[in-house]
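Down below is the structure, laid out as structure tokens.
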Amino acid sequence: QVQLVESGGGLVQAGGSLRLSCAASGRTFSSFSMGWFRQAPGKEREFVAASSWSGGDTYVANSVKGRFTISRDNAKNTVYLQMNSLKPEDTAVYYCAAQKKWANIVTMSEYDYWGQGTQVTVSS
């Protein structure tokens, strides 16, 4: 069992930056691939970024490429999402998720564990 807790959300002006963190419980964090998803009001949850267990492979959605970066620190059981040049359309609840493999990383159903989410609001 893995429990995930996100933090770091908040209100920021357009063009600003935030770093989200997702802390995981359990000793097997380093064996999980990790993903970030987001859900804006009235919209479906969408993939944002993912990292393999080692952090050696990462992938980000085209909508955030060049602005968002995913990283992880297995010693701290934490995965991060650095968000720069934020836009109002980035406003959403951001969720981290974990899967036991590195497969279909953009697909929600491939993830076994989910956090409760953290709100990010970008004002124009």
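Residue numbers run from 1 in the order of the sequence given.
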Practice task
Check the pair I105, Q99 against side-chain contact (heavy atoms from CB on, under 4.5 Å), reporting the backbone distance first and the verdict last.
Solution key: CA-CA 9 Å; I105 58 173; Q99 64 163 273; 4.1 Å; yes
Exercise for the section: Please confirm whether R45 makes a cation-pi placement over F37, using NZ or CZ under 6.0 Å from the six-membered ring centre and within 45° of the ring normal. Expected result: no
Problem - Q39, CD atom: more than 12 neighbouring heavy atoms under 6.0 Å - result: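 Check passes, neighbour count above 12.
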Problem - Atom CD of E89 with >12 non-hydrogen neighbours under 6.0 angstrom - result: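 Atom CD in E89 is packed in, count exceeds 12.
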Exercise for the section: Check step by step if side-chain contact (heavy atoms from CB on, under 4.5 Å) holds for V64 and R38. Expected result: CA-CA 12 Å; V64 303; R38 67 185 182 184; 3.9 Å; yes
Which pairs of donor and acceptor atoms, one on a side chain in residues 65-72, lie under 3.5 Å apart (sequence neighbours left out)?
unit_1 : atom_1 : unit_2 : atom_2 : d
K65    : NZ     : N62    : OD1    : 3.2
R67    : NH1    : S85    : O      : 3.0
R67    : NH1    : D90    : OD2    : 2.7
R67    : NH2    : S63    : O      : 3.2
R67    : NH2    : D90    : OD1    : 3.0
R67    : NH2    : D90    : OD2    : 3.4
R72    : NE     : W53    : O      : 3.3
R72    : NE     : N74    : OD1    : 2.8
R72    : NH1    : F32    : O      : 2.8
R72    : NH1    : S52    : O      : 2.8
R72    : NH2    : F29    : O      : 3.0
R72    : NH2    : F32    : O      : 3.0
R72    : NH2    : N74    : OD1    : 3.2

Exercise for the section: Look only at the side chain of E6 and the backbone of L20, and say whether a donor-acceptor pair between them is shorter than 3.5 Å. Expected result: no
Exercise for the section: Check for a donor-acceptor pair, side chain of S33 on one end and backbone N or O of K101 on the other, with a separation under 3.5 Å. Expected result: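 Indeed, once roles are kept as given, a pair shorter than 3.5 Å links the two residues.
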For [X] and [Y], work out which heavy atoms get closest and say how close.
X    : Y    : answer
L81  : V48  : CD2-CG1, 4.1 Å
G35  : Y111 : N-CE2, 3.7 Å
A24  : L4   : CB-CD2, 3.6 Å
W102 : S51  : CZ3-C, 3.2 Å
T91  : A40  : O-CB, 3.6 Å
V2   : Y113 : O-CD2, 3.4 Å

Exercise for the section: Indicate, with yes or no, if F47 and W36 share a hydrophobic cluster defined by side-chain heavy-atom contacts under 4.5 Å among Ile, Leu, Val, Met, Phe, Trp and Tyr. Expected result: no
Problem - Cluster check Y95, V120: I/L/V/M/F/W/Y, side chain < 4.5 angstrom - result: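 No; tracing contacts between hydrophobic side chains, which count when under 4.5 Å, never links both residues.
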At what distance, to the nearest 0.5 angstrom, does [atom1] of [X] lie from [atom2] of [Y]?
X    : Y    : atom1 : atom2 : answer
Y94  : L18  : OH    : CG    : 9.0 Å
T58  : M34  : OG1   : CE    : 14.0 Å
R19  : N84  : CZ    : CG    : 11.5 Å
S30  : N77  : OG    : CG    : 7.5 Å
S109 : N104 : OG    : CG    : 7.5 Å

Exercise for the section: Mind running side-chain contact (heavy atoms from CB on, under 4.5 Å) on L11 and Q119 for me, showing each step along the way? Expected result: CA-CA 8 Å; L11 175 63; Q119 176 71 48; over 6 Å; no
Problem - Pairwise side-chain contact, M83 with V122, heavy-atom cut-off 4.5 Å (strictly under) - result: no
